[in-house]
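Beneath this line is the structure, given in structure tokens, with notes to follow.
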2 protein chains.
Amino acid sequence: MNIGEAARASGLPAKTLRYYEAIGLVVPAHRQPNGYRDYSETDVRRLRFVQRARSLGFSVAECRELLALYADRGRTSAEVRRIALARIAAIERKLRELEGMRRALLHLVERCSGDSRPDCPILDDLAGEDDDQGAA
Amino acid sequence: MNIGEAARASGLPAKTLRYYEAIGLVVPAHRQPNGYRDYSETDVRRLRFVQRARSLGFSVAECRELLALYADRGRTSAEVRRIALARIAAIERKLRELEGMRRALLHLVERCSGDSRPDCPILDDLAGEDDDQGAA
DNA sequence: CCTTGACCTTCCCGTCGCGGGAAGGACCAT
DNA sequence: ATGGTCCTTCCCGCGACGGGAAGGTCAAGG
């Protein structure tokens, strides 16, 4: 199977397939006589596996681990679970960070009139104004 | 003021200050006779401004716009507000994406025994198994 | 005077996960 | 022969820096 077909079958761009080969993540076993990459059904399964894992937020390094476990009959589900839990923890850290930003930005936007005047509490806050005008 | 002092005063690494100079974001006006960068109080204010904006999730490009508006007496708060709303929208897109991943991963982890056996619904899902065993 | 150490300079490479595009070969149909 | 579509390798670019080499500068101490 040509790289184009494998790309369509896996839902990944051909560029990505070449990249995955370059980093040794999914390497098609053979080349056709004309030098074209030759992807097998198994290769495509691995590519789809990676595509799904990536869409769940796993890094390429984690995909490599997961693929290894997938291929390892002696694996334990505890190993897989550990990786997934680590990913969840990382996602939750990021969620908290983004939620903090969102809260702060919403607070600022709320107080900004957004009209034609130059006065802007958003810029004031970024400038680190230390006014205590609300103390009355 | 040396780069080290400016770094401490702004809460940014010296490397970042050099980077901001290289991309023309915050460029100290002068050099000392020995070739050292010379940051003014105004430079440090700009650096702190960028540091705060970055911590709110603004890209360096957005920081550039915000700095320009900050310096522009003819600005309107509507312009600033527009940038902040765009950032909020981007953050919320990312939040939704991460929440989707989190939900999917939690669902998978929940069903994984995480013991010494190799059977793992997480890997099964990534492999794209099409079993409809739950249809009973 | 010399050394030590802390600071500064420029420069270039690495990160992560690819995308864009050039230059050229291969294949298929007309 | 020609055109169009595929494929190949190669190298550069992103964002926002961090690491580290090689070397200049400065203040303190022996």
Side-chain angles (χ1 to χ4, degrees), chain A residues 1-28 30-39 43-44 46-47 49-67 86-87 90-91 93-94 97-98 101, chain B residues 1-28 30-39 43-44 46-47 49-67 86-87 90-91 93-94 97-98 101:
Chain A
M1 191 188 309
N2 281 355
I3 196 172
E5 295 173 74
R8 280 184 293 276
S10 64
L12 291 166
K15 270 279 190 184
T16 298
L17 268 58
R18 292 196 193 94
Y19 172 67
Y20 287 170
E21 179 182 15
I23 64 172
L25 183 63
V26 176
V27 181
H30 306 291
R31 290 278 177 139
Q32 294 164 15
N34 57 15
Y36 289 13
R37 286 169 182 80
D38 196 359
Y39 287 87
D43 292 328
V44 170
R46 291 166 60 84
L47 288 171
F49 183 100
V50 172
Q51 190 275 324
R52 287 175 201 244
R54 295 283 297 131
S55 77
L56 286 176
F58 289 105
S59 69
V60 165
E62 287 167 330
C63 289
R64 200 186 296 271
E65 291 186 67
L66 289 169
L67 267 180
R87 179 88 326 249
I91 288 173
R93 271 194 301 280
K94 191 73 184 173
E97 185 192 348
L98 290 175
M101 291 175 179
Chain B
M1 191 188 310
N2 281 355
I3 196 172
E5 296 173 73
R8 280 186 292 276
S10 65
L12 291 166
K15 269 281 192 183
T16 299
L17 268 58
R18 292 196 192 93
Y19 173 67
Y20 287 171
E21 179 182 13
I23 64 171
L25 183 62
V26 176
V27 181
H30 306 290
R31 290 279 176 138
Q32 294 164 14
N34 57 15
Y36 289 13
R37 286 168 182 80
D38 195 359
Y39 287 88
D43 292 327
V44 170
R46 289 165 62 84
L47 289 171
F49 183 100
V50 173
Q51 190 275 324
R52 288 174 198 245
R54 295 284 296 130
S55 77
L56 285 176
F58 289 104
S59 70
V60 165
E62 287 167 331
C63 288
R64 200 186 294 271
E65 292 186 67
L66 290 169
L67 267 181
R87 179 87 329 247
I91 287 174
R93 272 194 300 279
K94 191 72 184 173
E97 186 192 349
L98 290 176
M101 291 176 180

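Proteins get letters first, then strands, A, B, ... in listed order; numbering begins at 1 in each.
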### Query
At how many degrees, to 10°, do the end axes of the helix from C:dC1-D:dG30 to C:dT30-D:dA1 meet when each uses five pairs?
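That helix gives 40° between its end axes.
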### Summary
Scoring nucleotides 2-8 of chain D by protein non-hydrogen atoms under 4.0 Å (B base, S sugar-phosphate only, - none) yields ----BSB
Taking only residues two or more places apart in sequence or in another chain, which ones pass side-chain hydrogen bond (donor to acceptor under 3.5 Å, both in side chains) with [X]?
X: B:R87; value: B:E62
X: A:R93; value: none
X: B:N2; value: B:Q32

Please enumerate all protein N or O atoms sitting under 3.5 Å from an N or O of nucleotides 17-21 of chain D, with distances to 0.1 Å.
from: D:dC17; atom 1: OP2; to: B:Y20; atom 2: OH; distance (Å): 2.6
from: D:dC17; atom 1: OP2; to: B:R54; atom 2: NE; distance (Å): 3.1
from: D:dG18; atom 1: OP2; to: B:T16; atom 2: OG1; distance (Å): 3.3
from: D:dG19; atom 1: N7; to: B:K15; atom 2: NZ; distance (Å): 3.2
from: D:dG19; atom 1: O6; to: B:K15; atom 2: NZ; distance (Å): 2.5
from: D:dG20; atom 1: O6; to: B:K15; atom 2: NZ; distance (Å): 2.5

### Message
Ignoring hydrogens, what is the shortest heavy-atom contact between A:Q51 and A:L12? Give both atom names and the distance.
### Response
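Nearest pair, atom of A:Q51 first, then A:L12: CG-CD2, 3.7 Å.
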### Which atom of A:A53 lies closest to which atom of A:C63, heavy atoms considered
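Looks like CB-SG, 3.6 Å.
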### Query
Between C:dC18 atom P and A:L17 atom CG, what is the distance in whole Å?
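For the pair A:L17 CG and C:dC18 P, the rounded distance is 10 Å.
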### Message
Under the side-chain hydrogen bond (donor to acceptor under 3.5 Å, both in side chains) definition, can you give me all pairs with a residue in residues 5-19 of chain B, not counting sequence neighbours?
### Response
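Residue pairs with at least one partner in residues 5-19 of chain B: there are none.
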Find every protein N or O atom lying less than 3.5 Å from an N or O atom of nucleotides 28-30 of chain C, and list the pairs.
none

### Residues that B:V27 engages under side chain to side chain contact (heavy atoms under 4.5 Å, CB included), provided they are two or more places apart
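With neighbours one apart ignored, the set is B:E21.
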### Task
With sequence neighbours left out, write down each residue that passes salt bridge (charged side-chain N to carboxylate O under 4.0 Å, His left out) with B:K94, or none if nothing qualifies.
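So B:K94 forms a salt bridge (charged side-chain N to carboxylate O under 4.0 Å, His left out) with B:E97.
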### Query
Can you name the ring-ring contact (aromatic ring centres under 6.0 Å, His included) partners of B:F49, sequence neighbours left out?
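With neighbours one apart ignored, the set is B:Y70.
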